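No experiment lies behind these values; they were computed from the predicted model shown. As the structure lists them, so they are numbered: ligands from 1, and atoms in each ligand from 1.
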Amino acid sequence: MPVSGSARIHITGIVQGVGFRPFIYGLAVRFGLTGWVRNTSAGVDIEVDGNPGVLDSFVNSIKSELPPLARIDTFELSLGNTQGFTGFEIIASEQVSGAFQPISPDVSICPDCLNELLDPTNRRYRYPFTNCTNCGPRFTIITDIPYDRPNTTMATFDLCPDCAAEYSDPLDRRFHAQPVACAVCGPQVWLEDGNGRRLAEREAAIQAAQSLLIAGKILAIKGLGGFHLACDATNIKTVVELRRRKLRVDKPFALMMPDLASVEQHCFISEGERSLLESRQRPIVLLRRKPGSTIADDVAPRQGTLAVMLPYTPLHYLLFNPEPVSGQAATVIPPLVMTSANLSEEPIVTGNDEARQRLGSLADAFLMHNRDIHTRCDDSVTRVLSEELMENGLMLNGAMKTSSPEFSQIYFLRRSRGYAPDSIKLPKKGPSILATGPELKNTFCLTRDNYGFVSHHIGDMENYETLRSFEDGIEHFERLFRIRPEAIACDLHPDYLSSRYAVQRALQNNLPLFRTQHHHAHIAACMADNGLDGSRQVIGLAFDGTGYGDDGAIWGGEFLVADYAGFKRPLHLAYFPLPGGDAAIKRPTRTALALLWSLGLDWEANLAPVQDLCFEDRQALRIQLERDLNTPRTSSLGRLFDAAAAMAGVRQTVNYEAQAAIEFEAALDPAERGAYSFDLRGESVVYDDVIRGLLADVQIGVSIPVISARFHNGLADLTIRACTQIREQTGIGEVALSGGVWQNMALLERTVLGLRKVGFVVYLHHQVPANDGGLALGQAMLAAARYGV
Ligand SMILES: [Zn+2]
Ligand SMILES: [Zn+2]
C-alpha cells in the first residue's frame, strides 16, 4: 500500500525508563512504519510515515499494549504529509527547557530477571544487580532528567560489550535499560567489618553474610533506598540486642520473609494482602499474626500484627537463596528483621562512608555495594482494607474513581519506596505550590498543572539531618519536575521546622505564604485523594493526635464542614487540659489524671494512672492544673485515646507515637457489643459518661478487651450521630475521614459501615496516608484555593 501520510505524536506520562521506546520501535517494525522516536524532558516524541489505516492501528496499539510500568497521561496526535523516512530509529534525547515528565518509582525485580538470577546457565547467574526495562532502581538513582544513564548513579560504570549489545538492541528486554549491568561491568557487593576491613567479595560476601545472620549477628545491608539492619527474626536474643543497640523500645520492626509460603506460616493473609505483598511495589503490609508463629515476640510486642514484606531486589533474593552445593542440604535462611538503618529518629543511612560512621555501633558487619543511592527512600507501609469495607459501597459511591488506583484496597501508613515520586492527579489545574508538610512523618508536596508530587517519607523533623534531607528533597523535586513554586503553604504551627523553612523560602523568593490549619488540610488531602473538586462541601472528620488550632488550642477531635476555600467547625471534642502540652504525648498517665481532674472525678488510689505517679508527682501535677501552668487546652482524640487506655490499665508511658492507642485497639474483643455513651452538647462532644462508665468497669474488674470494645463502639456511635446531626443542619451527605486516628482499623470499620448504613457517602484515603504523611497534599490544595483570590 502506498505511504500517504505521517503522524506526529507527543506523549506524556510515565514513558521513560519503562521500555517505552523499544516498545514503540517494536510496534513500528510490526506495522512496517518508518520514522523515529525519542525521549525529551517533557515526554516522548514519535514521528512516523505510513498509510492512514496502519497509522490508526499503530496509535491504538500504543494505547492498548503499553509496557507494564508505563502510564500515559496525555496523548497528542497530529497528521501531516509524509516525511520520506527510510527506516525506523531511536534518536538522541532532547531537552525541552521548563518541561517536565513523571519519573518512575523503584520497581522490584521482575519474573524474567529473577529467572535469570537463579539460572546457572545464564550469564547473570547470582549477579545481585540484575535488572531490565521492566524492573530495577529508578527514583533512587536518578540525579536529573531526561532519564538517561549519565543522569543516574550508574554513570560511572561503562558497559561491557555484552551489556552494550543488549542495551542497543531494540528487540532486547534491556534495550535502553539505564541501570543495565552484569558481573563483568557493573556494581559489586562486598562484606566488611566494623573497622572497614573487607572480609569477602561477590558471592563469597553473600555466603558470609548468610552465615553471620544464621549465627545471630546483626548486619547492615545496603538496599535500594538506604541501608537496612537485618537479623534473624526468630532469634529473640538477637532481636533484643538489636533493640538495645538501636535504642528502640517496643516499636515494631519490619520483617522480610523469603516467600509467600513463609508468610503464610506466620500470618493470616487474604487475597488482597497476597496481591499487595507480591505487587511490583513490594510494600510492607501489616498482617494478622498467626498463633504459634516462631517470630520472636520482641519483633512487635503486644501487637496482633506483623509488618511483612517480600524480597524486592536481586540481592535480597540471593540472601534468601544460598547457592546450591551438590551433596549438601540447602541452608535455610529464616525470616529477617529488616528495619531502616538509622540512629533513633535520624534519616535512613544511604552512603557507604556514612554507614561506616553512623552504624558502627549498630551492626556487626556491612554488606555493601558501589552503586550509589542518590535519593533515600524508606520502605512503604500499608494495610489492606477488608472486603467488607470495599464491597459495602466504597466502589459504588465513586470514592475510587481517581487517577490510578492500581490496587484499590490499599491503605497507606507510609507512602515511600515503590510509590514516590508517582504523581497524584489533582481534581483541577492550579498554580505551582510548595507545601512543606507537618512536623512528624513529614512529606512535602509540589504541584504543577494538575499533578501533585508528594515526596518520599522524610521523617520526623526533630534534628538537623532530617531537616537537611527535607531541604535536599525539595531541591531535587523542583529540579526533576521543573517546578518553580508560585506560592508556599505550611502549617499554622509557628514552631514547626517545616513552617520556618516555608517562611524563609517565601521571603527569599518573594512568594505568598499560606498558613493552613492542620485539620482543614487533612480533610483537603482526603478530598483531593478522592478526586473531589471542591464544588461541594463535605463533613470532615479530622481525628488526630495533635494539630495547632485557630484558637491556639491543640485540636484533634474535629467535625468540620469544609471545602478547599474554608471550613466551619460545628462540633469538636470538649476541651480538656493537657499539662505540658505536646510533651504529654509520652505520658498517657498525666493526660488521664488531667482529664479526671477536669471532670471533677477523684484520683482513686486503685487506678492505674494514680499508681503510676508517686505522691509528690501527683501533687505537682495537681498544682500545675489548678494554677493553669503550661497547660494548653486540647480537643485531641488521640489524647483521649491515651487517657482511656491509661485508665483501662493498658499502659502509662509510651515508647513510640500512639503506642497506648495501638495496644488498646489490639486488645479489643470483637464480640463485645456494649458501648460507652458520648453526648452532643452545643458545639461540644462530651465524654463525661464515657469516662464514668469506663471507670466503673475498671472498678468491677471488666477486662481490657471488653473496655476497649465499648470505647471503640461508643466512639463510632457518636460519630454517626454527630454526622447525622450535621446533615440535618446542612444537608451535606458526604463524609471525609482523615487524621492519624483513622489508622485504627477497629474504629474505621465501625464508623464507615455505620455511616453507610444511614446513607452517607464516605471518603477514605487510598493514595496518601490518613496520618500526617498525607498532610502536604491538603496544604497545597488549600493554598491553591486561596492563591489569586
Ligand atoms: Zn527485569
Ligand atoms: Zn556487562
Side-chain angles (χ1 to χ4, degrees), residues 14-23 25-26 65-71 103-142 147-150 152-190 201-203 206 223-225 259 277-283 309-321 369-372 377 406 417-419 422:
I14 298 183
V15 289
Q16 293 188 14
V18 294
F20 200 80
R21 289 173 302 172
F23 160 68
Y25 183 97
E65 296 174 28
L66 275 187
L69 302 187
R71 185 186 87 200
I103 283 172
S104 167
D106 302 291
V107 182
S108 69
I109 183 171
C110 73
D112 289 335
C113 285
L114 185 56
N115 282 336
E116 292 178 1
L117 183 74
L118 302 176
D119 172 5
T121 65
N122 191 280
R123 75 181 193 90
R124 286 194 177 80
Y125 178 57
R126 299 194 71 79
Y127 176 59
F129 302 93
T130 301
N131 65 81
C132 72
T133 41
N134 299 323
C135 74
R138 298 287 187 277
F139 173 57
T140 52
I141 62 164
I142 292 175
Y147 172 59
D148 281 332
R149 192 159 170 119
T152 71
T153 60
M154 287 298 291
T156 51
F157 297 95
D158 292 329
L159 293 169
C160 70
D162 285 342
C163 286
E166 293 167 336
Y167 183 87
S168 51
D169 174 2
L171 299 176
D172 193 279
R173 197 172 92 250
R174 296 200 165 83
F175 178 69
H176 282 233
Q178 305 307 342
V180 72
C182 73
V184 175
C185 65
Q188 298 294 349
V189 291
W190 68 89
E201 294 185 347
R202 305 194 180 203
E203 184 61 34
I206 292 169
L224 209 46
D259 49 31
L277 281 168
E278 283 192 303
S279 69
R280 63 169 187 262
Q281 290 87 0
R282 295 285 157 93
M309 62 186 147
L310 291 175
Y312 53 87
T313 68
L315 182 57
H316 296 149
Y317 275 100
L318 294 177
L319 273 174
F320 281 113
N321 291 278
H369 60 72
N370 54 348
R371 186 179 71 199
D372 287 343
C377 203
E406 188 175 295
R417 179 188 51 77
Y419 300 94
D422 261 353

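Proximity of R371 to Q188: side-chain heavy atoms (C-beta onward) are nowhere separated by under 4.5 Å. Within the 4.5 Å cutoff, the side chain of E201 has no heavy atoms near those of the V189 side chain.
Remark: at the Zn ion (ligand 1), atom SG from C132 and atom SG from C135 enclose 120°, rounded to the nearest 10 degrees. The angle that C185 SG and C163 SG make at the Zn ion (ligand 2), rounded to 10°, works out to 110°. With the Zn ion (ligand 1) as the vertex, atom SG of C110 and atom SG of C113 span an angle of 110° (nearest 10 degrees).
By the 6.0 Å and 45° rule, R124 does not stack over the aromatic ring of F129.
Aromatic ring orientation, Y167 versus H176: parallel (interplanar angle below 30°, classes split at 30° and 60°).
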